K.L.:
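Handing you a structure now.
Source: prediction; values computed, not measured. Naming convention: chains lettered A, B, ... in sequence-line order (proteins, then strands); numbering from 1 in each chain.
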Amino acid sequence: MDCCYIGIDLGSTTTKAVFLDEDEKILGRGITNSRSNYELACQVAREEAEINARFELLKRRLADNPRVAPQIDALMDNLSCQYALAQHLKQLDALRNEGSNIVKHWIHHKDEFDKYVDAQETIFDSLVLQAYQDFLPDAEVQSDFFRDLATSLYLKQADIISKERFLSFERLVGVFDAAIIKVENKSFALFYQEYLEFACDRVIEMEKFRELKEDILDAVDEIARKEFNILNTVGTGYGRLTLPFAKEQIRSEILCHGLGAHYMFPDTRTVLDIGGQDTKAIQVDENGIVTSFQMNDRCAAGCGRYLGYIADEMNMGVHQLGPLAMKSKRVVKINSTCTVFAGAELRERLAYGEKQEDILAGLHRAIILRAMSLLARSGGVSSEFTFTGGVARNEAATSALKQLIDENYGEIKINISADSIFTGAVGAALFAKRDPKGVMADLEISKLKAGSRTKQPEMEQQIA
Amino acid sequence: MNVDEIIDYCENLYNDLDLNYVKDWKAAHRSKAIGYLPVYVPREIIHAYGMLPVGIMGGGDKLEIIRGDAYFQSYICHLPRSVIELGVSGKLDCLDGVLFPAICDVVRNLSGMWKMEFGDKYVKYLDFPQNFADAGRDFYLREMRQMSEDFEELSGRKVTTEDLNRSIRLYNENRRTIQDLYDLRSEKPHLALTFEVYLLMRAGNILEVTEHTKLLKEYLALVVDCDRPKLDNIRVIVTGAFCEQPPLSLVRALENSGCYIVDDDWILGNRYQTCDIPESDEPLRAIVDSYLSNTVSTASRYDDSEDKGMHLADMVRSRDAEGVVFAAPSFCDPALLERPMLQNVLSHENIPYTAFKYAENTGQIQVIKEQTGTFADSIKLWGAE
Amino acid sequence: MEQVTVNGTEVQKEQSMVLQKKMIGEHFEKLANAKRDGKKVVYTFVPGNLNELIYAFDMIPVHPEINALQSGMRKKSGDYIQEAEKSGHSKDVCTYVKCDIGMMKKGNIGPTGEKIPEPDLLLLSYTGCFTFMKWFELLKQEYKCPVVMLQVPYQGDGEITDAMRDYIVRQLREEVIPVMEQVSGRKLDEDKLKTLLESSARAEDDLVWVWNSAKNRPSPIDAYFGGVYYIGPIFTAFRGLPECEDYYRSLRREVEFRVANKLGPTTPEGELNDQKYRIVVEGPPNWTSFREFWKIFYDEGVVMVASTYSKVGGLYEQGFRHDPDHPLETMANYCLGCYTNRNLPSRVDLIGQYIEDYQADGFLINSIKSCNSFSAGQLMMLRKLEQRTGKAGAFIESDLVDPRYFSAANIKNRMESYFQMIAAKRASV
């Protein structure tokens with residue numbers, strides 16, 4: 001039995017889960033969009049983390065085997081891609097069925113009804129084919145979340161089909177919108193054994209892995225059957241009060257962020273987290289314990305959401321904003337990061353003839369200026385400085401931050417980790433281990449255990 | 001210098017947040033500089049002690065606030081945070097002291113913050129009397145005497161009656177020249193453009209008084225000969241902007257939206273007296289008396305008279321204005337609390353008005369321009385009714 | 001009266017609360033009958049209130065601030081504020097003013113459901129708050145009654161000067177008293193004034209004793225949430241009157257009992273005997289969600305051992321008492337010493353002193369959006385206090401009576417984080 005601790009961070013935009021092993025090493029991470037149902041988001045994130053943990057264990061197991069070791073990276077890449085494919089296909093299937101149901105519901109005239117069902121079938125067939133292409137190790141993934149992937153592809157196909165067959169594009173979109181909500185609110189991770197089998201089967205068919213067939217099958221089988229012994233779970237984040245946890249299992253996100261940042265970078269003394277809707281500036285001591293903090297949670301100005309609005313206004317994806325801003329040669333001064341005026345201010349600047357990239361550079365600087373104020377209020381910036389949260393993935397933001405820190409605090413070591421979005425969840429998991437209030441998880445927690453041999457009645461209900 | 005050069009000179013002074021003029025002046029005169037916040041301080045006294053009065057009105061829209069926000073929450077106006085920013089970034093180091101006149105609770109508290117942050121400099125909170133009778137006179141006189149003693153120590157100078165009278169004389173002249181400027185603008189707004197008048201007035205915050213008077217006179221002499229087109233603009237009074245200032249782009253935008261600004265309360269402190277302060281044997285007393293009886297009405301003063309607010313209506317009439325623009329900084333207690341009372345009076349007198357809020361670093365110029373533009377149009381189309 | 005048996009002794013718990021309720025009820029009755037009884041009504045402010053002077057002229061005081069906070073607690077203020085905003089008042093200004101204006105526009109019905117009588121005099125005690133000045137200018141336009149202004153100069157340098165005191169005394173002599181004589185139709189009764197001042201001083205002694213009781217462990221009082229009740233009689237319409245003395249005597253006895261029995265304060269959620277954290281508070285409370293706000297702290301086992309808001313109407317712990325032998329000077333000193341009339345460095349000194357004297361684990365600043373007098377500079381106070389005392393400060397934002405600016409979720413979130421932080425620090429030491 002593998003003992004582990006779980007930390008769950010329920011944020012406003014995304015929910016993260018982290019599995020920590022006995023040696024305080026990160027075993028698995030999972031992330032999903034929070035939707036409107038925190039409990040489900042928590043479950044899905046947990047399941048994703050558990051799968052991720054299984055893969056980690058699988059990797060460790062396979063890496064021990066000298067026959068497999070040389071190809072371990074390629075093998076793991078392929079396995080995880082095929083796994084993801086299997087899950088994606090399952091979700092597509094569910095979406096297809098749901099779509100049919102909805103068409104049946106909405107359209108009563110038989111001829112019409114047949115046309116739309118056919119159209120759906122065609123679209124989904126092409127989506128399935130597309131999936132086989134997309135889920136390859138070197139394919140460029142546009143998004144982590146099923147909803148985003150499915151939406152863009154579906155819309156593209158629906159556009160083509162509706163024109164070809166003289167059908168209503170709006171209607172097809174309507175069906176999709178109704179179906180995706182239902183599908184999104186279900187859990188699919190239960191079928192992980194099925195996915196692992198699928199992945200395994202497809203991988204051992206490949207030329208390069210054929211010889212390792214037995215080794216792979218053995219390892220996968222062992223890992224598939226493994227049970228996790230979860231000693232404690234701690235929840236944090238804005239939605240933490242909705243978790244069915246005892247008070248001792250809930251921690252403030254300030255403390256979790258502080259401890260998590262310290263874990264990733266032990267010399268951290270200042271932490272800045274810019275999330276979807278709030279910003280936190282935290283000072284920690286040498287043990288990762290918080291000594292002071294400031295939060296800005298009353299207003300989403302200068303947070304992830306603000307960038308979302310800007311992206312919408314410019315008809316771009318949020319991840320495209322950073323790269324475009326980096327192209328700027330001249331930063332335009334933006335004075336307010338108010339989300340209400342985001343659009344108006346943007347349009348005004350464009351009307352004055354300012355370039356997109358220059359305005360964007362200005363916006364990024366404005367966001368960071370706001371963060372600098374909060375940092376100053378919390379007690380300043382001391383080395384080392386760790387930057388976490390979704391916005392930390394934005395290169396224009398980090399560039400502006402580096403510049404402003406340099407200008408105002410001198411030489412400070414700045415840490416940005418690819419895993420920074422999991423900081424809160426890592427901290428929560430650490431609290432789960434270091435400050436336990438109970439040994440075995442109680443019944444409430446076991447409800448969230450994915451892959452448990454005993455299928456809980458509630459779980460069955462969720463599967464269509 | 002020609003008109004453009006004069007205005008460029010003023011604009012450079014306005015933009016120079018490092019206060020190089022002050023540094024140069026101090027070196028040349030081997031003396032000190034005393035900063036003051038809006039609205040009004042008796043600069044004559046500072047001047048008499050051989051020191052340079054420097055008006056601080058915030059950092060405008062060019063100053064990035066890095067540390068200032070750590071001192072003030074978001075629902076406090078912008079001025080104090082830019083003033084602190086200037087302070088902690090060393091731009092006000094050339095000032096040997098700062099005066100904080102009573103205008104509102106934010107500036108009042110700022111005086112205490114200044115003491116804590118810059119304790120080695122002279123800091124004084126100037127409580128003006130809101131009682132305009134003998135009690136107030138007595139109190140204010142004692143305050144001015146105390147401040148004079150402080151200045152004596154600070155400047156290392158003893159000051160005579162003649163010194164004070166001389167300063168009074170120079171500032172009287174400065175105020176008269178400003179009056180001429182405002183009268184010219186009211187008479188010929190197409191010549192004395194508001195944008196230019198504004199920068200000239202801002203220059204009065206920093207230039208030594210005789211230099212400023214000289215500059216104004218030069219401008220007045222030259223601008224009357226300029227060939228500038230007359231525009232079909234309405235005539236308005238702008239009020240409420242006596243402390244935190246609008247950015248230059250907003251000043252420009254107001255003019256460009258179809259309004260001739262024929263009077264305003266920007267930089268009010270430099271034109272606070274309604275007539276000369278008489279020279280006398282007791283100059284401090286004269287300054288005090290003048291404050292109590294011959295100064296303007298503004299929101300930071302107490303007024304429980306029956307004709308409160310009528311000064312605005314009177315100004316509209318004397319300047320032949322067609323409407324009033326209420327421009328106040330966001331969160332400004334004096335301007336915003338006063339507003340409904342003034343608006344009531346205007347409604348009563350059938351004078352149209354419009355109102356908006358701004359911040360010294362506002363970027364939303366377009367929106368305001370549209371509002372005042374519409375106001376201008378409506379007056380042109382429908383007249384005063 | 002509640003008779004309870006505690007440790008075998010019969011005790012009348014909360015007699016002071018009963019007395020207080022009675023006092024307030026009688027006061028509003030007096031007000032309701034003012035016109036009938038030919039009594040003159042004076043509107044004035046809590047900071048710098050001249051209760052003894054008002055009663056010396058046999059007039060009745062009304063405090064618009066108190067009306068506003070009562071409206072807040074009764075969940076009526078939201079409507080009143082919107083009413084005022086509709087008629088042209090800015091979103092950015094003090095919500096007490098807007099609440100008062102709105103209440104006036106809706107008929108001026110007081111907390112007892114009866115109309116509050118219109119003022120015969122507006123006594124503008126301009127103490128510690130710029131907004132007061134404009135508030136009464138606004139009211140004057142509505143009520144068209146006499147107004148007299150008493151300017152209380154700000155302690156800019158952290159001390160009371162002769163010039164300041166003389167100025168106030170002169171205004172009292174030359175403006176305030178003559179106008180009050182005119183309005184009341186009688187001359188100032190100097191003997192009565194003296195008696196009232198003597199009574200005030202006695203009540204002040206008992207009040208100071210009560211504040212100091214919080215130095216005990218556990219603290220028998222909550223100096224913030226409970227404290228706002230304790231300051232009622234002394235800061236509003238009762239100081240100088242015998243019922244006020246009775247109240248503080250009774251309160252003191254109750255607190256003495258609690259100290260002797262190691263009991264904590266009574267809260268709406270129950271007694272707080274298990275006190276985990278001792279906190280000093282700066283800033284006014286939120287009125288519209290007062291109970292919810294209190295509960296956030298009760299749930300964490302937090303007792304407030306000292307507060308600055310409870311000194312807005314006068315600071316007595318440093319030795320000041322109303323001095324009946326020098327009535328005008330003493331009233332001047334009293335006004336000058338009100339909390340919001342003190343400069344920022346003195347406020348920081350005071351809070352720092354409280355943290356030490358009351359052995360606090362930390363402090364809280366409740367930053368009120370619409371009150372610049374309290375709020376401007378609180379962020380600096382936070383940092384200075386942390387530096388000076390080494391104790392962490394919590395910073396939250398809300399408003400006096402605008403319900404739109406109170407978010408229980410945000411406050412709870414921040415406070416939870418704050419207390420977990422303190423607990424973690426304790427554990428790691």
Side-chain angles (χ1 to χ4, degrees), chain B residues 69-77 80 84 100 102-113 115-117 119 123-127 129-131 133-136 138-140 142-143 145-146 299-304 308 328 330-341 343-344 357, chain C residues 87-90 92-94 97 122 124 126 128-131 133-138 140-141 147 149-151 153-158 161-164 166-171 173-175 340 343-348 367 369-381 383-384 397:
Chain B
D69 279 338
Y71 291 80
F72 289 101
Q73 303 87 313
S74 54
Y75 39 78
I76 308 275
C77 62
I84 286 258
F100 293 84
I103 168 169
C104 70
D105 293 332
V106 173
V107 171
R108 182 197 77 171
N109 288 4
L110 183 60
S111 72
M113 292 167 74
K115 272 186 198 288
M116 289 198 278
E117 201 67 35
V123 177
K124 178 132 189 82
Y125 177 70
L126 269 183
D127 221 338
Q130 302 289 5
N131 168 300
D134 287 334
D138 214 36
F139 172 68
Y140 192 31
R142 279 167 94 164
E143 287 282 285
R145 291 206 176 112
Q146 178 61 55
S300 54
R301 295 168 74 125
Y302 176 61
D303 183 354
D304 64 357
K308 180 185 168 77
S330 292
F331 312 111
C332 177
D333 271 347
L336 292 170
L337 283 165
E338 188 87 331
R339 210 186 253 192
M341 293 189 273
Q343 287 175 341
N344 271 346
K357 288 188 293 191
Chain C
S87 74
H89 291 267
S90 169
D92 296 347
V93 302
C94 172
V97 179
L122 293 170
L124 165 50
Y126 178 28
C129 164
F130 169 84
T131 301
M133 202 166 78
K134 296 291 146 183
W135 192 344
F136 270 22
E137 278 187 20
L138 283 161
K140 195 211 174 213
Q141 298 202 334
V147 59
M149 193 237 1
L150 173 71
Q151 179 180 9
Y154 182 63
Q155 286 194 44
D157 291 329
T161 65
D162 288 336
M164 292 173 185
D166 292 347
Y167 180 39
I168 298 174
V169 168
R170 228 180 136 163
Q171 288 175 82
R173 231 183 243 131
E174 293 171 11
E175 314 268 338
T340 44
N343 74 359
L344 232 74
S346 332
R347 284 168 60 184
V348 171
S367 178
K369 177 199 173 278
S370 66
C371 179
N372 284 342
S373 176
F374 258 103
S375 302
Q378 277 175 336
L379 280 171
M380 184 178 198
M381 290 170 75
R383 271 197 307 288
K384 292 287 176 200
E397 294 165 341

K.L.:
With side chains defined as the heavy atoms from C-beta onward, is the minimum distance between C:Asp92 and B:Ser330 less than 4.5 Å?
P.N.:
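Yes; the side chains approach each other to less than 4.5 Å.
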
K.L.:
Testing the basics here: between C:Tyr154 and B:Ser111, what is the closest heavy-atom pair and its distance to 0.1 Å?
P.N.:
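Closest approach of C:Tyr154 to B:Ser111: CE2-OG, 4.5 Å.
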
K.L.:
Where is the tightest heavy-atom contact between B:Asn131 and C:Gln151, given as atom of each residue plus distance?
P.N.:
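For B:Asn131 versus C:Gln151, the nearest heavy atoms are N-OE1, 3.8 Å.
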
K.L.:
In terms of heavy-atom pairs under 4.5 Å, which option from B:Pro129, B:Ala102, B:Ser74 contacts chain C the most?
P.N.:
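Among B:Pro129, B:Ala102, B:Ser74, the one with the most close pairs to chain C is B:Pro129.
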
K.L.:
Do B:Arg142 and C:Asp162 have side chains that get closer than 4.5 Å, going by heavy atoms?
P.N.:
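They are in side-chain contact.
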
K.L.:
Compare every heavy atom of C:Ser90 with every heavy atom of B:Lys357, then report the nearest pair and how far apart it is.
P.N.:
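Reported closest heavy-atom pair: NZ-OG, 4.1 Å.
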
K.L.:
Can you measure from NZ (C:Lys134) to CG (B:Leu336) and round to the nearest 0.5 angstrom?
P.N.:
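So the gap between those two atoms works out to 12.0 Å.
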
K.L.:
Let me know if B:Arg339 has heavy atoms under 4.5 Å from chain C in its side chain, its backbone, both or neither.
P.N.:
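Interface part for B:Arg339: neither.
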
K.L.:
Pick one of side chain, backbone, both or neither for C:Leu124, based on which atoms fall under 4.5 Å of a heavy atom in chain B.
P.N.:
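Contact with chain B is through the side chain of C:Leu124 alone.
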
K.L.:
Side chain, backbone, both or neither: which part of B:Arg145 has a non-hydrogen atom closer than 4.5 Å to chain C?
P.N.:
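The answer is neither part of B:Arg145.
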
K.L.:
To the nearest 0.5 Å, what is the distance between CE on B:Met116 and CE on C:Met380?
P.N.:
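If we round to the nearest 0.5 Å, B:Met116:CE and C:Met380:CE are 4.5 Å apart.
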
K.L.:
With a 4.5 angstrom heavy-atom cut-off, which part of C:Lys140 approaches chain B: side chain, backbone, both or neither?
P.N.:
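The side chain, not the backbone.
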
K.L.:
If we define contacts as heavy-atom pairs under 4.5 Å, which of C:Gly88, C:Ser375, C:Ser370 has the most with chain B?
P.N.:
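Among the listed options, the one with the most contacts to chain B is C:Ser375.
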
K.L.:
Looking at C:Gly158, C:Ser87, C:Ala163, which makes the most heavy-atom pairs under 4.5 Å with chain B?
P.N.:
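Of the options given, most contacts go to C:Ala163.
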
K.L.:
Side chain, backbone, both or neither: which part of C:Thr161 has a non-hydrogen atom closer than 4.5 Å to chain B?
P.N.:
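Contact with chain B: none, neither part.
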
K.L.:
If every non-hydrogen atom of B:Gln73 is compared with every non-hydrogen atom of C:Gln378, which pair is closest and at what distance?
P.N.:
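Residues B:Gln73 and C:Gln378, closest heavy atoms: NE2-OE1, 3.8 Å.
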
K.L.:
Would you say the side-chain atoms of B:Asp127 pair up with the backbone N or O of C:Pro153, donor to acceptor, closer than 3.5 Å?
P.N.:
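No; judged by distance alone, with no hydrogens or angles, the pair does not exist.
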
K.L.:
Please work out whether the ring planes of C:Tyr167 and B:Phe139 are parallel, tilted or perpendicular, with thresholds of 30° and 60°.
P.N.:
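Aromatic pair C:Tyr167/B:Phe139 classed parallel.
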
K.L.:
Where does C:Gln171 contact chain B at under 4.5 Å (heavy atoms): side chain, backbone, both or neither?
P.N.:
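For C:Gln171, the contact with chain B is made by backbone and side chain together.
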
K.L.:
CG of B:Leu337 to CH2 of C:Trp135: how many Å apart, nearest 0.5 Å?
P.N.:
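CH2 of C:Trp135 is found 10.5 Å from CG of B:Leu337.
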
K.L.:
Which value, rounded to the nearest 0.5 Å, describes the distance between C:Gln155 atom CD and B:Tyr125 atom OH?
P.N.:
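If we round to the nearest 0.5 Å, C:Gln155:CD and B:Tyr125:OH are 12.0 Å apart.
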
K.L.:
Non-hydrogen atoms of chain C under 4.5 Å away: do they reach the side chain of B:Gln146, the backbone, both or neither?
P.N.:
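Neither part.
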
K.L.:
Looking at the rings of B:Tyr302 and C:Tyr126, which for Trp means the six-membered one, are their centres under 6.0 Å apart?
P.N.:
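Centroid distance B:Tyr302-C:Tyr126: not below 6.0 Å, so no.
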
K.L.:
Among B:Cys77, B:Ala328, B:Ala133, B:Ala299, which residue has the highest count of heavy-atom pairs closer than 4.5 Å to chain C?
P.N.:
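Greatest number of close heavy-atom pairs with chain C: B:Ala299.
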
K.L.:
Return the option, out of C:Ile168, C:Leu138, C:Val169, C:Leu150, with the maximum number of heavy-atom pairs under 4.5 Å with chain B.
P.N.:
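So the answer, after comparing C:Ile168, C:Leu138, C:Val169, C:Leu150, is C:Leu138.
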
K.L.:
How close do C:Gly128 and B:Arg108 get, counting heavy atoms only, and between which atoms?
P.N.:
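Here C:Gly128 and B:Arg108 meet closest at O-NH1, 3.1 Å.
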
K.L.:
Please classify the contact of B:Pro334 with chain C as side chain, backbone, both or neither, using a heavy-atom distance under 4.5 Å.
P.N.:
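Both parts, backbone and side chain.
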
K.L.:
Identify which part of C:Asn343 has an atom lying under 4.5 Å from any heavy atom of chain B, answering side chain, backbone, both or neither.
P.N.:
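Contact with chain B is through the side chain of C:Asn343 alone.
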
K.L.:
Compare all side-chain heavy atoms of B:Glu117 with those of C:Lys384 and state whether any distance is below 4.5 angstrom.
P.N.:
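They are in contact (side-chain heavy atoms under 4.5 Å apart), so the answer is yes.
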
K.L.:
What part of C:Arg347 gets closer than 4.5 Å to chain B, counting heavy atoms only: side chain, backbone, both or neither?
P.N.:
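For C:Arg347, the contact with chain B is made by the side chain alone.
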
K.L.:
Name the region of C:Cys129, side chain, backbone, both or neither, that has any atom closer than 4.5 Å to a heavy atom of chain B.
P.N.:
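Answer is both: backbone and side chain atoms of C:Cys129 are under 4.5 Å from chain B.
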
K.L.:
Does any backbone or side-chain atom of C:Val348 lie under 4.5 Å from a heavy atom of chain B? Answer side chain, backbone, both or neither.
P.N.:
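Side chain only.
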
K.L.:
Taking side chain as everything from C-beta outward and backbone as N, CA, C, O, which of these in B:Leu110 sits under 4.5 Å from a heavy atom of chain C? Side chain, backbone, both or neither.
P.N.:
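Contact with chain C is absent: no heavy atom of B:Leu110 under 4.5 Å.
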
K.L.:
Do you know which two heavy atoms are closest between B:Met113 and C:Leu344, and how far apart they sit?
P.N.:
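In terms of heavy atoms, the two residues are closest at CG-CD2, 3.3 Å.
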
K.L.:
Quick check on C:Glu174 against chain B: is it the side chain, the backbone, both or neither that has a heavy atom closer than 4.5 Å?
P.N.:
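Just its side chain gets close to chain B.
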
